[in-house]
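Let me begin by presenting the structure, written as structure tokens, before commenting on it.
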2 protein chains.
Amino acid sequence: MINNYSAEDKVLLAVDCIIFGFDKEDLKILLIKRDFEPEKGKWSLMGGFLQQQENLDEAASRILRTLTGINNVYMEQLHSYSKVDRDPAERTISVAYYALINIQDHNEELIEKYSAKWFSVAKAPDLIFDHNIMVRHAISRLRYKTSKEPIGFELLPPKFTMRQLQKLYEAILDEKLDKRNFINKINGMDILVKLKEKDMNSSRKGSFLHMFDEQKYNRKKADGFSFKL
Amino acid sequence: MINNYSAEDKVLLAVDCIIFGFDKEDLKILLIKRDFEPEKGKWSLMGGFLQQQENLDEAASRILRTLTGINNVYMEQLHSYSKVDRDPAERTISVAYYALINIQDHNEELIEKYSAKWFSVAKAPDLIFDHNIMVRHAISRLRYKTSKEPIGFELLPPKFTMRQLQKLYEAILDEKLDKRNFINKINGMDILVKLKEKDMNSSRKGSFLHMFDEQKYNRKKADGFSFKL
DNA sequence: ACAAAAGTGTTCCCGATACACCCATGT
DNA sequence: ACATGGGTGTATCGGGAACACTTTTGT
């Protein structure tokens, strides 16, 4: 016989997404106000259930797309949460994912449809179930990961200034960084291209825009280089 | 209504355990020879299904206990694997855990009952499903984690020599370490107690036994100290 | 006497950090 | 002219890596 597994122990498997964005100074997360039970009216992460024909990564992408309209987003599986009574309605295991998006890319209509809102991580409201814990874990993972892989760029527009990049890392790490040391480190890795173009919004002098050169990074990585911040 | 979740999307949730041990020179994993379908006769990780009244950590502990007879083992959740056809018999999502045990503690009868066997990680056979990938991930996580937290001791007997500890880290990292630098680093952290007792098995001269001082470590940690190797 | 593992400090180097002034521009 | 943020280089410090000889004891 092929199928000797018992059917009695099946469970509902949810996927919840911690969606990170970065806005000028603050690291933010996108939360929804639940218009359904349980916990209707409270803030929570965007989530959904795993479907039969998809894997977890696909479910996470689908859920993210539902709320933001964006495809091809950097996402990573975080952890699975399984406390027996974590969801009062029914036994549910949740696999948390975090996503990094360029905050300008979100879709206004969808945000409205789901009563979603961006919150600075420092000022986010209490969330339902164990979602607060998930967010804490996600921030901790984000700190680790952004210091070891060049994924911070996912949170910025394609063209960004050094200052924006520094502000981003300051927001993620929640500490001030030295301007010269930061730029020296970044330039030392030689994975950005400096454009002729300047961003004139932030100062009178203007500041040069840069782009992450993914090809160059991949070549260097294949050669033994590793990103380190 | 309380329950507005659909029942159609429930899935089987498995827990698979990568059980690490250390034996003189080698990092090992405990594998079982499946005496049930699918893939009967092939090697695999020890696993089981999540039950309704337990969370994932508890399921992992239960599964480990079933095979080894040991309780209170260091375990950590690794990752969830969800490829749609990963298990040919039925859609199953698996949450992998890794465990660190003192290899001397295992129970011979249980090992025999499950046709289990210890393999050096370097010489382990091919495993069913995606278990090879799980093992690779587990080793990678183990490397990271043992360099940041004093969990390597879980793989040793309570009393161990500096040389054993070094061999352990060499096996985990798969690289030779310098004897003096290693001992200097360990002693610099001041989290071991050196016993008067010597282990006379490894050499004519004998070498002093040490123990991990968990209280001391916890006090230092609360004071801002962090383990680093 | 010799073989086999244990034990023990110092030097050197590189990467991380600290730090201050001039520039360009809009008002 | 001045206010605002942009851009740049060097000196110091500390942790990590390299490195070799003596000790003990069973044979």
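Naming: A, B, ... by sequence-line order, numbering from 1 per chain. Since we're looking at a predicted model, the values are computed, not measured.
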Side-chain-base donor-acceptor pair under 3.5 Å for Arg180(A) and dA18(C): no
Value in whole Å for how far the C1' atom of dA18(C) lies from CG of Asn184(A): 12 Å
Check: Ile103(B) main-chain N/O paired with His106(B) side-chain donor or acceptor under 3.5 Å: yes
Atom-pair distance (CZ on Phe182(A); P on dT8(D)), nearest Å: 14 Å
Short side-chain to backbone donor-acceptor contact, Tyr217(B) and Ser226(B), under 3.5 Å: no
Rounded interatomic separation in angstrom, taking CG from Leu177(A) and P from dC19(C): 15 Å
Atom pair distance, as rounded to whole Å: CG in Leu209(B) and C1' in dG7(C): 15 Å
Polar side-chain atom of Asn55(B) near backbone of Asp57(B) as donor-acceptor pair, under 3.5 Å: yes
Flag if over 12 foreign heavy atoms under 6.0 Å of CG, Asn71(B): yes
Integer-rounded Å distance: dA6(C) P and Lys179(B) NZ: 7 Å
Nearest-angstrom distance from the residue atom CZ of Arg163(B) to P of dA4(C): 15 Å
Phe208(B) CZ to dA5(C) P, straight-line distance once rounded to whole Å: 19 Å
Length of the line joining Lys24(B):NZ and dA5(C):C1', which is rounded to integer Å: 16 Å
Carboxylate-amine/guanidinium contact Lys216(A) Asp190(A), below 4.0 Å: yes
ring-ring contact (aromatic ring centres under 6.0 Å, His included) between Phe153(B) and His210(B), intermediate numbers included: CA-CA 11 Å; Phe153(B) 308 113; His210(B) 300 254; over 10 Å; no
Neighbours of DNA chain D within residues 185-207 of chain B, by heavy-atom distance under 4.0 Å: Lys185(B), Arg204(B), Lys205(B)
